[in-house]
Each structure stands twice: as structure tokens, then as C-alpha cells.
Amino acid sequence: MGSTTAGVLFLLLLAGAPAVLAVTFKVGDVAGWTSGVNYTTWVTGKTFRVGDTLEFKYGPSHSVSVVNKAGFDACDSSGATQSFSGGDTKINLTTVGTIHFICPTPGHCLGGMKLAVPVLDPATPSPKSPPLAPRSPRKPKTPSPSESPSPSPSLPTSTTPSPSNAAFKGVTVSYGMMGLTMLVIFVAMS
Ligand SMILES: *[C@@H]1O[C@H](CO)[C@@H](O)[C@H](O)[C@H]1NC(C)=O
Ligand SMILES: *[C@@H]1O[C@H](CO)[C@@H](O)[C@H](O)[C@H]1NC(C)=O
Ligand SMILES: [Cu+2]
């Protein structure tokens, strides 16, 4: 009985683990971080959580400034807490709440180059989808060559999800583990 209990606990642990898999969002999708994109629209329908990453890809006329809500509303980057340039900026979402970004190039924020991202706790359920626009499964972007190298082929690979389909595998593993866990509990109780 003791070992069965331990087994159940272990499986529950495994079942919970995939819930923390992180997602990288490419800001603006193919357009990237640039003028002429409505980032309010881009945010709509996406769920961002602590542990996820935002990747900004942009040309040399743009930068990324992290500002507070006042700076966001006023398009004022003078109080920016962080500023990035270089064309490829990854922001780790580490805090629950809304994080605000603007492009500090004069005129760009006023032209719409501003982004407010609501960040949820990893355990918070996703908001309900609007009835006419069901959410498609979250698709992590194909990693660029600069991102983490794929696992070494000599490693036992069965437990190492590749970055491109980690979220999908996580969901599959999670459901599989839930089924297994229920089976074990059922056996233990009968
Ligand atoms: C962006 O789209 C939202 C609706 O998704 C709209 O309310 C807003 O006015 C648009 N912003 C711009 C600058 O066009
Ligand atoms: C984000 O986290 C990764 C590793 O988790 C780290 O390498 C990177 O420097 C972090 N980026 C920032 C901007 O803190
Ligand atoms: Cu800009």
C-alpha cells in the first residue's frame, strides 16, 4: 500500500509538471515589432503567463522600452525601466500583471507601436473564448538558429520534448498521466 501511495504521488507530480511548460511569443507574428501593426489586436485571444517569453524582432529604426502605464498612455519613454535595441529582444515574463512596451523612436508609439501584455499566474485558467472565435491551440514559433541548440542526439531523447512542439507534447503527456493516475487510484481502492 505504501509503495502504491508513493506511485500515485509520483504520477500526480508528473501530471502537474507539463502545466509549467513555457511558450515563446513572437511579438507581431511575421510582421514583428514595427510600425503599422495593431498590437492590441495581436494580444487579443492570447494567454500570457509567468514563465513565457516575448520575442521582439525589429529593424534598426526601432527599439523596445519597458514603461509603466502612464508612460504607455502618454507615449513617454523617459521613465523607461528597461530599454533594448539590436533587433532581437527576448523578454522573460516574470511578474503577474500588465507589462507595457513602447517604441521610443519619436512618433512610433503615437502611431501605434505600443504593446500592453497581461501576464497571468501559471495556475490561472485561461479566460473563456468568445463564442464566435474559438482559440486555436497555442503554436510555439519555430525557433530561430540563435535559440537554444537542440538536445544532443546521444542523450536518451524520449523524455526531452523538442522546443517546437513542447506545448503540444505537454498537453498530451498531461492527459496521459491523468488517465494513468486515475487507473492507479482505482486499482489502489479496489
Ligand atoms: C486596434 O484594434 C482595436 C480593436 O482590436 C481598436 O479598438 C483600436 O482602435 C485599433 N488601434 C489602432 C491604432 O488602429
Ligand atoms: C531570460 O531567461 C533566460 C534563461 O531562462 C536568460 O538566458 C535570459 O538572459 C533572460 N533574459 C532577460 C532579458 O532577463
Ligand atoms: Cu519604432
Side-chain angles (χ1 to χ4, degrees), residues 18-149 163-168 170-171:
V20 301
L21 274 172
V23 178
T24 296
F25 294 93
K26 191 190 166 201
V27 173
D29 298 318
V30 285
W33 179 236
T34 187
S35 303
V37 176
N38 187 328
Y39 292 100
T40 307
T41 305
W42 180 77
V43 162
T44 303
K46 296 182 177 65
T47 304
F48 304 89
R49 297 176 188 283
V50 168
D52 291 347
T53 302
L54 297 177
E55 181 170 22
F56 292 79
K57 297 270 220 172
Y58 47 96
S61 68
H62 306 293
S63 311
V64 179
S65 289
V66 181
V67 296
N68 61 14
K69 181 158 192 317
F72 177 84
D73 290 340
C75 281
D76 177 5
S77 62
S78 63
T81 52
Q82 284 178 295
S83 290
F84 305 90
S85 53
D88 189 354
T89 299
K90 294 194 184 79
I91 303 285
N92 301 324
L93 301 177
T94 55
T95 313
V96 172
T98 300
I99 181 167
H100 299 87
F101 304 90
I102 66 174
C103 178
T105 305
H108 287 200
C109 173
L110 289 169
M113 217 174 153
K114 60 199 297 192
L115 168 67
V117 172
V119 182
L120 303 180
D121 186 271
T124 309
S126 304
K128 279 227 167 81
S129 316
L132 290 179
R135 265 161 28 97
S136 54
R138 293 209 269 170
K139 287 185 225 152
K141 297 287 163 277
T142 310
S144 67
S146 65
E147 277 181 304
S148 49
S164 60
N165 60 4
F168 175 74
V171 171

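First listed ligand is number 1; within each ligand, the first listed atom is number 1. Basis for what follows: all heavy atoms, side chains included, without hydrogens, waters or symmetry-related copies.
Listed for the Ser85 side chain is no donor-acceptor partner under 3.5 Å among the backbone atoms of Ser63. Counting only distance, with no hydrogens or angles, the side chain of Asp121 and the backbone of Ala123 share a donor-acceptor pair below 3.5 Å.
The nearest heavy-atom contact from the protein to atom 11 (N) of ligand 1 is Asn38 ND2, 3.0 Å. From the protein, the heavy atom lying nearest to atom 4 (C) of ligand 1 is Thr41 OG1, 4.2 Å.
Close placement of the Trp42 and Phe48 rings is indicated, their centers lying within 6.0 Å of each other.
Note: Trp33 and Phe56 have perpendicular aromatic rings, judged against thresholds of 30 and 60 degrees for the angle between ring planes.
Looking at His108, its N, O or S atom nearest to the Cu ion (ligand 3) turns out to be ND1.
The Cu ion (ligand 3) has an N, O or S atom of Met113 under 2.8 Å away, backbone or side chain. Not a single N, O or S atom of Cys109, from either the backbone or the side chain, sits less than 2.8 Å from the Cu ion (ligand 3).
Angle subtended at the Cu ion (ligand 3) by Cys103 SG and His62 ND1: 130°, rounded to 10 degrees.
Partner of Leu54 under the side chain to side chain contact (heavy atoms under 4.5 Å, CB included) criterion, out of Thr24, Val23, Leu93: Leu93 alone. Tyr58 pairs in a side chain to side chain contact (heavy atoms under 4.5 Å, CB included) with only one of the listed residues (Asp88, Thr34, Val27, Thr89), which is Thr89.
By the definition of a contact as any protein heavy atom under 4.0 Å away, atom 13 (C) of ligand 1 is not in contact. Using a 4.0 Å threshold on non-hydrogen atoms, atom 7 (O) of ligand 1 does not count as touching the protein.
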